[in-house]
Engineer: 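One structure coming up, written as structure tokens, with questions to follow.
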There are 2 protein chains.
Amino acid sequence: MASLGDLERSVMEVLWSGDAALSANELRDALAMRDGESGRTVATTTVLTVLSRLERKGFVSRTREHRPHRYQALLSREEHTAELMHEVLDRSSDRDAALARFVGTVSDGEAATLRRLLDELVRR
Amino acid sequence: MASLGDLERSVMEVLWSGDAALSANELRDALAMRDGESGRTVATTTVLTVLSRLERKGFVSRTREHRPHRYQALLSREEHTAELMHEVLDRSSDRDAALARFVGTVSDGEAATLRRLLDELVRR
DNA sequence: CGTTTTGTTCTACGCTTCGTAGAAGAACGT
DNA sequence: ACGTTCTTCTACGAAGCGTAGAACAAAACG
């Protein structure tokens, strides 16, 4: 999976944070909102450019039916994260060893979460 | 953590695949060996350049004591992988949901490995 | 319909990263 | 001191990304 630049990531964050498909202008506004005072507002064309790139990279899809095209994330944020974790793991030559390291460094709470998730897996 | 380019990654692979610290020339030879017929041999200075960059990025350290400086990975490959997995997870807003997705998509064998690892965690 | 407004694509530029390696400099053996 | 070996400095071209104007298309409106 290709990686994301800063603005690309911000756009994905916005798309991920609500399930509805958004237009370029809505995205621009959401970005401006999100960054509050701190960040400048970015031009709509800029948003459109990154949306095209995100589409080319397979991160978003768009509906061309009505005129303000509407854009939405192809994967949910969690799916995306899980995918990335697999990708990282796939690059390792010894997956089990890497998993061991990973498990060895999660917090207690997360270890418990993992246990619970694995139990649920078995149960169905 | 910064990301790695193709050659940078190859260099790290070599460093990870043996625990000894290597000189630039040994690395160049190992790379040439590894890529066999397929790939051209890269110049020693090229290796040195990427080693400097890897050092700046915190991936390798070098001993300057003796003349062919010797380079070694700062993290083991597994530590690196685990670190990346945490990094990916940290970018998610809902870690538990992301973990759930991840666990839901691992193979049966890996689920078993995870269970075993978590059991070992508890036991000590 | 022609015009104004709104939305999209095309093109482009500057910055940064990375592969690539020569030129120049430093250190070491003899 | 001299050549050899190693490292650093400098540089360049390609690609990725933030950035956005210019040009083009479509819709709204009078």
Side-chain angles (χ1 to χ4, degrees), chain A residues 1-15 20-32 34-35 38-73 80 84 87 91, chain B residues 1-15 20-32 34-35 38-73 80 84 87 91:
Chain A
M1 186 161 18
S3 60
L4 296 172
D6 288 346
L7 182 54
E8 290 174 338
R9 172 167 305 281
S10 295
V11 167
M12 291 309 297
E13 298 288 352
V14 172
L15 288 177
L22 298 178
S23 70
N25 274 329
E26 286 165 344
L27 270 162
R28 175 177 48 61
D29 294 344
L31 286 171
R34 218 188 59 126
D35 297 342
S38 56
R40 276 163 50 288
T41 307
V42 51
T44 308
T45 55
T46 301
V47 176
L48 281 162
T49 301
V50 314
L51 281 170
S52 297
R53 289 175 183 166
L54 287 172
E55 194 183 22
R56 175 159 46 82
K57 293 187 191 178
F59 285 95
V60 310
S61 70
R62 86 170 84 186
T63 314
R64 288 187 135 96
E65 290 166 20
H66 303 95
R67 212 52 212 314
H69 296 182
R70 305 195 80 79
Y71 302 80
Q72 67 189 319
H80 172 70
L84 280 185
E87 196 173 300
R91 279 205 298 260
Chain B
M1 186 160 19
S3 60
L4 297 172
D6 288 347
L7 181 54
E8 290 173 340
R9 173 168 303 280
S10 296
V11 167
M12 292 308 297
E13 298 287 353
V14 172
L15 289 177
L22 298 179
S23 71
N25 274 329
E26 288 165 342
L27 270 163
R28 174 177 50 61
D29 294 344
L31 285 171
R34 218 187 59 126
D35 296 343
S38 58
R40 274 161 54 288
T41 307
V42 44
T44 307
T45 55
T46 302
V47 176
L48 281 162
T49 302
V50 314
L51 282 170
S52 296
R53 288 175 184 166
L54 287 171
E55 194 182 22
R56 174 158 48 81
K57 292 186 190 178
F59 285 94
V60 310
S61 71
R62 86 170 83 188
T63 316
R64 288 188 137 94
E65 290 166 20
H66 304 93
R67 212 52 213 316
H69 294 183
R70 305 196 79 79
Y71 302 81
Q72 66 189 320
H80 172 71
L84 281 186
E87 195 173 301
R91 278 204 299 259

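Below, chain A is the first sequence line, B the second, and so on; all start at residue 1. Below, all heavy atoms of this structure are taken into account, side chains as well, without hydrogens, waters or symmetry copies.
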Engineer: Rounded to whole Å, please give me the gap between CD in A/Glu65 and P in D/dA27.
Structural biologist: 13 Å
Engineer: Does A/Glu87 reach the main-chain N or O of A/Met1 with its side chain, forming a donor-acceptor pair under 3.5 Å?
Structural biologist: yes
Engineer: A/Leu48 CG to C/dT8 P: how many Å, rounded?
Structural biologist: 6 Å
Engineer: Give the rounded distance in Å between these two atoms: CG of B/Leu27 and P of D/dT7.
Structural biologist: 11 Å
Engineer: Which residues pass the salt bridge (Lys or Arg N to Asp or Glu O under 4.0 Å) test with A/Arg34, sequence neighbours left out?
Structural biologist: none
Engineer: For a quick check of understanding: with a heavy-atom distance under 4.0 Å over all strands, which category does A/Arg64 fall into, base, sugar-phosphate or nothing?
Structural biologist: sugar-phosphate
Engineer: Could you run down nucleotides 14-25 of chain D 5' to 3' and tag each one B, S or - for protein heavy-atom contact under 4.0 Å?
Structural biologist: ---BBBBBB---
Engineer: Check the distance between D/dT7's P and B/Glu55's CD and give it to me in whole angstrom.
Structural biologist: 11 Å
Engineer: Verify salt bridge (charged side-chain N to carboxylate O under 4.0 Å, His left out) between A/Glu55 and A/Arg62, making sure each step is shown before the conclusion.
Structural biologist: CA-CA 8 Å; A/Glu55 194 183 22; A/Arg62 86 170 84 186; 2.8 Å; yes
Engineer: Within the distance-only criterion (no hydrogens, no angle test), does the side chain of A/Glu13 pair as donor or acceptor with the backbone N or O of A/Ser10 below 3.5 angstrom?
Structural biologist: no
Engineer: Taking side chain to side chain contact (heavy atoms under 4.5 Å, CB included) as the definition, give me every residue that meets it alongside A/Arg70, ordered by chain and number, with sequence neighbours left out.
Structural biologist: A/Ala21, A/Ser23, A/Glu26
Engineer: Using modelled atom types only, decide if a donor and an acceptor are shared between the side chain of B/Thr49 and the backbone of B/Thr45 within a distance under 3.5 Å.
Structural biologist: yes
Engineer: Please report, rounded to the nearest Å, how far the P atom of C/dT5 is from the CG atom of A/Asn25.
Structural biologist: 16 Å
Engineer: Across the strands shown, which category fits B/Arg62 at heavy-atom distances under 4.0 angstrom: base, sugar-phosphate, nothing?
Structural biologist: sugar-phosphate
Engineer: Take atom CG of B/Leu51 and atom P of D/dT7, then tell me their distance rounded to the nearest Å.
Structural biologist: 9 Å
